[in-house]
2 protein chains.
Amino acid sequence: MRNHSVTYSPFQTQDATFQAVADPTRRAVLDLLRRGSQPAGAIAQAFPVSRPAISRHLRLLRRAHLVREHREGRHRVYDLNPEPLRAVDSWLEQYRSFWTMSLNNLKSFVESEYAKETAQHSAGKLTRKPSKGDR
Amino acid sequence: MRNHSVTYSPFQTQDATFQAVADPTRRAVLDLLRRGSQPAGAIAQAFPVSRPAISRHLRLLRRAHLVREHREGRHRVYDLNPEPLRAVDSWLEQYRSFWTMSLNNLKSFVESEYAKETAQHSAGKLTRKPSKGDR
DNA sequence: ATAATGTGTAACCATACAGTTACGTGACAG
DNA sequence: CTGTCACGTAACTGTATGGTTACACATTAT
């Protein structure tokens with residue numbers, strides 16, 4: 001658990017990465033660090049939330065190995081480590097082929113599903129709008 | 001205090017997608033649907049949690065527009081809609097350049113940062129090793 | 001009509017999490 | 001030594017979330 005060497009086990013890491021990236025503030029922190037390393041205080045000033053809140057976001061990002069921290073005097077400088085994002089990328093990789101399917105294919109697919117559905121209720125009993133549980 | 005410097009992109013869909021995908025069970029549901037549409041019951045059987053739990057995951061995925069549902073008799077067939085994942089992909093896009101930087105580039109980059117740092121205080125009081133403040 | 005099937009929802013519980021304020025601590029300045 | 005700065009952390013709060021069981025409802029089967 002306390003292992004902070006280079007070998008992260010891929011399973012735990014993927015979960016941690018997805019979870020870390022799920023929060024919009026943390027994504028924004030990463031986006032900020034993409035422009036260069038910054039001390040914690042400077043990062044916090046960029047956000048409308050309190051400094052301790054950012055500190056905790058940073059801790060989570062640290063544990064997900066998405067940022068690294070080192071001390072410079074009394075500053076704690078954070079820099080980006082995008083490596084774990086590869087896990088997200090590789091997961092996404094499997095879906096890229098789907099959305100490179102042309103929109104026409106997708107459209108005709110949806111329409112055929114719709115036709116299948118409407119074909120079922122010529123008596124008009126099943127005439128519910130499909131987006132009912134959508135809210 | 002409440003300085004709002006960084007442009008928060010309040011892209012609703014992006015947030016919803018990231019959040020939906022944050023949960024490993026929901027990712028697994030998507031992975032399952034990648035092989036083809038399935039009714040809710042069949043999806044639930046593939047997981048160790050109860051059927052209502054899956055039903056709620058499906059609702060969340062529905063609201064994130066990552067799956068679509070249509071009725072077939074008394075079945076509710078779910079099929080994958082990977083479109084929203086493009087938002088994740090495009091966010092990730094900005095980071096790809098980082099990990100395609102060779103390790104040598106990264107190393108030299110880090111070292112130049114280090115040099116910049118040490119240049120600031122010729123007294124050399126702050127020579128801390130990085131990667132210590134992990135957890 | 002009645003039963004069985006497939007599924008979503010409600011109610012409830014435990015836990016996680018984001019945010020806050022208050023405080024502790026190491027590093028520098030005087 | 002003392003104060004101040006830059007942090008992290010503790011304690012607390014409200015809310016979201018994931019899980020469970022019990023139930024409602026529509027669709028087929030008998």
Side-chain angles (χ1 to χ4, degrees), chain A residues 15-16 18-29 37-64 67 69-78 117 120-135, chain B residues 1-2 8 15-16 18-29 37-64 67 69-78 117 120-128 132-135:
Chain A
D15 274 17
F18 270 100
Q19 196 223 347
V21 152
D23 186 87
T25 301
R26 285 192 290 267
R27 286 201 303 280
V29 168
S37 302
Q38 294 214 34
I43 298 173
Q45 278 186 351
F47 294 91
V49 298
S50 71
R51 196 188 48 71
I54 295 297
S55 185
R56 291 182 45 185
H57 281 304
L58 287 172
R59 175 168 55 185
L60 219 154
L61 289 170
R62 234 185 294 134
R63 290 182 182 166
V67 300
E69 171 244 8
H70 69 103
R71 283 151 168 131
E72 265 183 47
R74 50 188 169 183
H75 293 79
R76 259 137 143 125
V77 177
Y78 284 90
E117 177 181 334
Q120 279 184 347
H121 59 82
S122 43
K125 188 75 186 301
L126 223 164
T127 327
R128 309 282 304 186
K129 275 152 297 190
S131 59
K132 209 266 180 160
D134 202 7
R135 204 310 287 252
Chain B
M1 272 310 186
R2 298 289 157 86
Y8 250 15
D15 274 15
F18 270 101
Q19 196 221 349
V21 151
D23 185 86
T25 301
R26 286 192 289 268
R27 284 201 304 279
V29 168
S37 304
Q38 295 213 37
I43 298 173
Q45 277 186 354
F47 294 91
V49 298
S50 71
R51 197 187 47 69
I54 296 296
S55 185
R56 289 180 45 185
H57 281 305
L58 287 171
R59 176 167 55 187
L60 218 154
L61 289 171
R62 233 185 294 135
R63 290 182 182 166
V67 300
E69 171 244 6
H70 69 100
R71 283 147 167 131
E72 266 182 44
R74 51 188 169 187
H75 292 81
R76 259 136 141 125
V77 177
Y78 283 88
E117 170 188 334
Q120 282 182 346
H121 52 83
S122 45
K125 188 81 175 295
L126 312 170
T127 324
R128 307 283 306 192
K132 185 62 188 355
D134 199 0
R135 200 266 186 262

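By convention in this document, chain letters (A, B, ...) are assigned in the order of the sequence lines, proteins followed by strands, and residues within each chain are numbered from 1. Predicted model only: the values in this text are computed from it and were never measured.
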Just by distance, do the side chain of A/R51 and the backbone of A/A44 share a donor-acceptor pair under 3.5 Å? no
At 4.0 Å (heavy atoms only), tell me whether A/Y78 reaches a base, stays on the sugar-phosphate, or touches nothing. sugar-phosphate
Can you check the A/E72 CD to C/dC28 P distance for me, whole Å? 11 Å
Which nucleotide, D/dC7, C/dA27, D/dG18, lies nearest any side-chain atom of A/R76? D/dC7
Can you check the A/E69 CD to C/dG26 P distance for me, whole Å? 15 Å
Side chain of A/H75 only, please: which of D/dC7, C/dG26, C/dG8 is the nearest? D/dC7
Between CD1 of A/I43 and P of D/dA6 the distance, given in whole Å, is 14 Å
Please give me the minimum heavy-atom distance between B/R27 and B/A22, naming the atom from each residue. NH1-O, 3.2 Å
Could I get the full list of side-chain contact (heavy atoms from CB on, under 4.5 Å) partners for A/P52, not counting sequence neighbours? A/S50
Grab the CG-P distance between B/L58 and C/dT7 for me, whole Å please. 10 Å
Contacts under 3.5 Å, N or O only, protein and nucleotides 19-21 of chain D:
unit_1	atom_1	unit_2	atom_2	d
D/dG19	OP2	B/H57	NE2	2.6
D/dG19	N7	B/R56	NH1	3.3
D/dG19	O6	B/R56	NH1	2.7
D/dT20	OP2	B/S50	N	2.7
D/dT20	OP2	B/S50	OG	2.5

What integer distance in Å separates A/R71:CZ from C/dG26:P? 10 Å
Whole angstrom value for the distance that separates C1' of D/dG18 from CG of A/D15: 14 Å
Checking the side chain of B/R26 only, and the main-chain atoms of B/V21 only, is there a donor and an acceptor separated by less than 3.5 Å? no
B/R59 side chain N/O closer than 4.0 Å to the phosphate oxygens (OP1, OP2) of C/dT7? no
Approximate separation, where rounding is to 0.5 Å, of B/Y78 OH and B/L58 CG: 4.5 Å
CG-CG distance between B/L61 and B/D23, expressed to the nearest 0.5 angstrom: 8.5 Å
Rounded to the nearest angstrom, tell me the gap between atom CG in A/L60 and atom C1' in D/dG8. 15 Å
Ranking D/dC5, C/dT7, C/dA18 by distance to the side chain of B/P39, first place goes to C/dT7
Grab the two heavy atoms, one from B/A28 and one from B/F47, that are nearest each other, plus how far apart they are. CB-CE2, 3.4 Å
